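Shown next, in structure tokens, is the structure this report addresses.
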Amino acid sequence: MHVLLPDGTSLEVADGATGHDIAAAIGPGLAKAAVAVLVDGGIQDMALPVPDGASVSVVTPKQEDDYLYPMRHSAAHVMAEAVLSIIPEAKFGFGPPIEDGFYYDFELPRPLTEDDFPAIEAEINRIVKAKAPFQRSVMSIDEARAFFTDLDQPYKVDQVDELACQGETEVSIYRQREFVDLCRGPHVQDTGRIGPVKLLSVAGAYWRGSEKNPMLTRVYATAFRNRTELDAHLERLEEAKKRDHRRIGRELELFYFDEAGPGFPFFLPKGMVVVNGIQKAIRAELDAMDYDEIKTPTILSETLWHQSGHWDHYKDNMYFTEVDGQGFAVKPMNCPGACLVFRSRRRSYRELPLRLAEFGHVHRHELSGVLHGLFRVRAFTQDDAHVFCRVDQIQEEVQKIIDLTDRFYARFGFENVSLHLATRPEKAAGTDEMWEAGESALRNALEGREYSIKEGDGAFYGPKIDFQVTDVMGRAWQLGTCQLDFFMPEQFNLHYTSADDVEERPVILHRAISGSIERFLGILIEHTGGDFPVWLAPVQVRVLPIADRHADAASAAVDVLKAAGVRAELDARSESVGRRIRDGELQKVPFLAIIGDREAEAGEVSVRARHRGDLGAQPVADLAAHAAPEG
RNA sequence: GCCGGAUUAGCUCAGCUGGUAGAGCACGUGUCUUGUAAACACGGGGUCGUCGGUUCGAAUCCGACAUCCGGCUCCA
């Protein structure tokens with residue numbers, strides 16, 4: 001038989017040749033380095049036969065992505081063996097490779113902690129050193145069920161049953177040394193091909209991800225090709241920790257959380273400068289795009305939430321109160337309020353599209369365990385807007401929103417934006433015609449842009465486009481959203497008078513650019529590491545007099561800067577200049593203006609730019625022009 | 001909500017096996033009057049998250065609760 005090699009040549013091998021045979025036929029060095037083979041693009045074990053005529057590419061550690069997957073998968077098995085050797089009663093769940101590493105779930109007779117890591121890692125290293133081969137074999141469903149029942153591994157038995165339900169008649173198992181696991185594979189040839197392993201954390205995880213099932217102990221770990229790459233990855237994790245917005249938020253005095261309000265952020269003066277800067281940037285866009293800003297009440301009657309449908313779908317996440325014996329709820333969303341505004345008087349087709357924007361402060365009772373700094377809070381400000389329009393206006397409106405988000409994200413230094421179209425889910429409100437018209441309007445609006453499609457991922461009330469940005473650490477964040485809503489106009493019986501003097505039903509377009517101001521600030525902090533762009537920095541210039549005799553000149557400089565609209569402050573503490581410069585740098589102040597004898601005489605300041613050092617002396621007015629807020 | 005961990009001064013953390021608390025930074029005062037990332041000295045500051053239990057005695061052991069951290073789940 002023949003196989004096709006990556007360089008286009010054809011190689012003749014014996015019938016039934018395995019990946020290993022093919023690698024050996026190409027060269028002994030390759031055979032030695034090989035960990036798996038790609039057969040027609042799919043990865044498989046070295047020991048499995050390759051079909052006649054297949055395209056074959058031998059994977060070695062040089063092919064990082066193709067290598068890491070089976071290697072980490074194999075590492076997961078080895079970790080499982082190591083845990084079993086330390087805790088023989090352990091029961092096994094799943095142990096897959098994931099982005100940047102792998103994990104394995106265990107049911108254990110005692111809690112596992114990080115104190116156990118060294119022992120497990122030592123055992124892993126012993127197994128890796130043993131270079132034990134991974135041996136694949138195939139069992140019938142019944143054999144496998146009996147086998148894992150015999151091993152007293154209930155989760156494996158459960159998985160065998162699950163596979164049987166899916167119509168599988170046989171399953172593969174992998175054995176290294178005495179350890180056997182149910183597994184589809186592929187794996188590297190032997191444990192010696194596994195790179196350096198590092199256990200990272202231990203967490204809880206439900207079996208099969210359902211909270212009805214038992215909670216298992218999940219051990220997260222990672223493995224890389226070599227020590228250098230592992231260390232580089234661990235360093236990235238450290239860097240991410242340094243950029244943690246919760247830490248920077250405290251250090252730069254932007255916000256804090258108090259026990260008195262779990263999940264409810266307190267914004268400090270400097271944090272509010274940034275928040276206001278973000279809002280100002282959004283308002284500038286609203287003005288340019290003919291939005292009208294409104295503000296609707298935080299607390300509204302329960303009857304409204306019945307009408308909106310939130311009572312049925314969202315009650316568990318809402319806060320309730322009572323006013324004069326009547327039930328009220330704190331708004332978790334702004335839509336009903338906006339609908340009331342639309343309905344507050346008769347509307348004409350001439351007003352459409354009617355774009356109502358609101359910085360809506362909403363409260364949602366999130367589960368205590370999901371709270372996470374500013375990323376997940378219980379009260380946040382949506383930069384919300386509801387566009388009331390006709391179906392034939394959707395496309396143009398959506399295009400405008402896409403343009404708007406482009407401009408907005410770029411302004412904050414997010415260059416990597418991706419769009420996702422989410423289409424009709426199984427359970428959906430509205431008619432087929434509405435969904436078709438809506439989805440095609442969104443598709444047309446996306447014309448000429450790159451986007452992915454998430455089939456069936458739309459909300460029940462309409463399709464949507466999600467906007468995602470990638471930060472400097474390569475992490476993706478969902479920010480904006482643009483959702484069609486066929487449901488709410490019905491619920492609220494909204495209508496407008498058409499040109500033909502008929503009552504027509506508008507469509508609502510929900511949209512948010514930042515999603516939530518709080519969350520956006522958190523992401524921006526981690527993206528910039530606290531180095532906000534000059535126009536957004538809480539303090540833009542800090543003026544440092546060298547000695548007491550320069551205090552008057554320094555405070556005069558502060559006055560000039562402030563008059564020019566610059567956020568400037570004076571640091572005349574009797575600390576050394578070096579000390580005050582250090583403090584200014586640590587506080588991420590974009591410009592430090594230093595005034596000594598030379599500068600005072602010339603009416604200048606010496607400017608030191610954040611992270612860039614001394615820029616030399618210049619007139620205060622020049623610095624003011626530099627630092628003046630653009631926003 | 002669930003699993004695991006944590007909670008000691010404003011912050012970061014010491015405090016071994018029970019004998020009523022320490023450091024650095026920060027803060028205050030004084031001295032110094034400074035030239036581009038940490039001057040020096042002195043001082044104030046904690047009912048050891050809360051409540052209860054065990055004990056002659058609890059920061060330390062046990063329980064409940066609260067909050068935080070890592071995950072899971074959730075995010076119509």
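Quick note: numbers below take in every heavy atom, side chains included, and nothing from hydrogens, waters or symmetry partners. Quick note on labels: first sequence line is chain A, next is B, and so on, each numbered from 1. Fair warning: this is a prediction, and the values are worked out from it, not measured in the lab.
- Annotation: A:H245 is in aromatic contact with A:F375 [ring centroid separation under 6.0 Å].
- Between B:rA21 and B:rG28, the distance separating the two C1' atoms is 23 Å to the nearest Å.
- No engagement by A:R110 is indicated, since no non-hydrogen atom pair under 4.0 Å with the nucleic acid exists.
- Remark: the separation of the P atoms in B:rU17 and B:rA6 is 13 Å, to the nearest Å.
- The same atom, C1', is picked in B:rC11 and in B:rG45; the two are 14 Å apart, to the nearest Å.
- When each of B:rG71, B:rC75, B:rU34 is scored by its nearest atom to the side-chain atoms of A:R364, the top-ranked nucleotide is B:rC75.
- The separation of B:rC65 from B:rC3, taken at their P atoms, amounts to 11 Å, rounded to a whole angstrom.
- Listed candidates were B:rU73, B:rU67, B:rC3. Nearest to the side chain of A:M215 is B:rC3.
- Nearest to the side chain of A:S574, among B:rG70, B:rC32, B:rU36, sits B:rC32.
- A gap of 35 Å separates the P atoms of B:rC16 and B:rA39, to the nearest Å.
- The six-membered or imidazole ring of A:F414 lies away from that of A:W477, with a centre-to-centre distance of 6.0 Å or more.
- A sub-4.0 Å separation between OP1 or OP2 of B:rG1 and a side-chain N or O of A:S368 is present.
- Checking B:rU36, B:rG70, B:rU34 against the side-chain heavy atoms of A:S606 singles out B:rU36 as nearest.
- B:rC61 sits 11 Å from B:rG19 when the P atoms are compared, rounded to a whole Å.
- Checked against B:rU73, B:rG70, B:rU34, the side chain of A:R549 finds its nearest nucleotide in B:rU34.
- Relative to the side chain of A:R582, the nucleotides B:rC72, B:rA38, B:rC68 differ in distance, and B:rA38 lies closest.
- Using a 4.0 Å heavy-atom criterion, one finds that A:R218 contacts the sugar-phosphate atoms exclusively.
- Residue contacts for A:G613: at a heavy-atom cut-off of 4.0 Å it reaches no nucleic acid atom on any strand shown.
- Tested against A:T481, the residues A:Q382, A:K464, A:R511 include a single side-chain contact (heavy atoms from CB on, under 4.5 Å) partner, A:K464.
- Here B:rA39 sits opposite B:rU31 as a Watson-Crick or G-U wobble pair (both hydrogen-bonding atom distances under 3.5 Å).
- Between the C1' atoms of B:rA9 and B:rC48, the separation comes to 10 Å (whole Å).
- Spacing of C1' atoms, B:rC27 relative to B:rU12, comes out at 16 Å, to the nearest Å.
- Using Watson-Crick or G-U wobble geometry with both donor-acceptor distances under 3.5 Å, B:rA64 finds its partner in B:rU50.
- With hydrogens and angles disregarded, no donor-acceptor distance shorter than 3.5 Å links the side chain of A:R424 to the backbone of A:F460.
- With B:rG35, B:rG71, B:rG1 as the choices, the nucleotide that has an atom nearest any side-chain atom of A:L367 turns out to be B:rG1.
- Here A:F102 and A:Y104 keep their ring centres 6.0 angstrom or further from each other.
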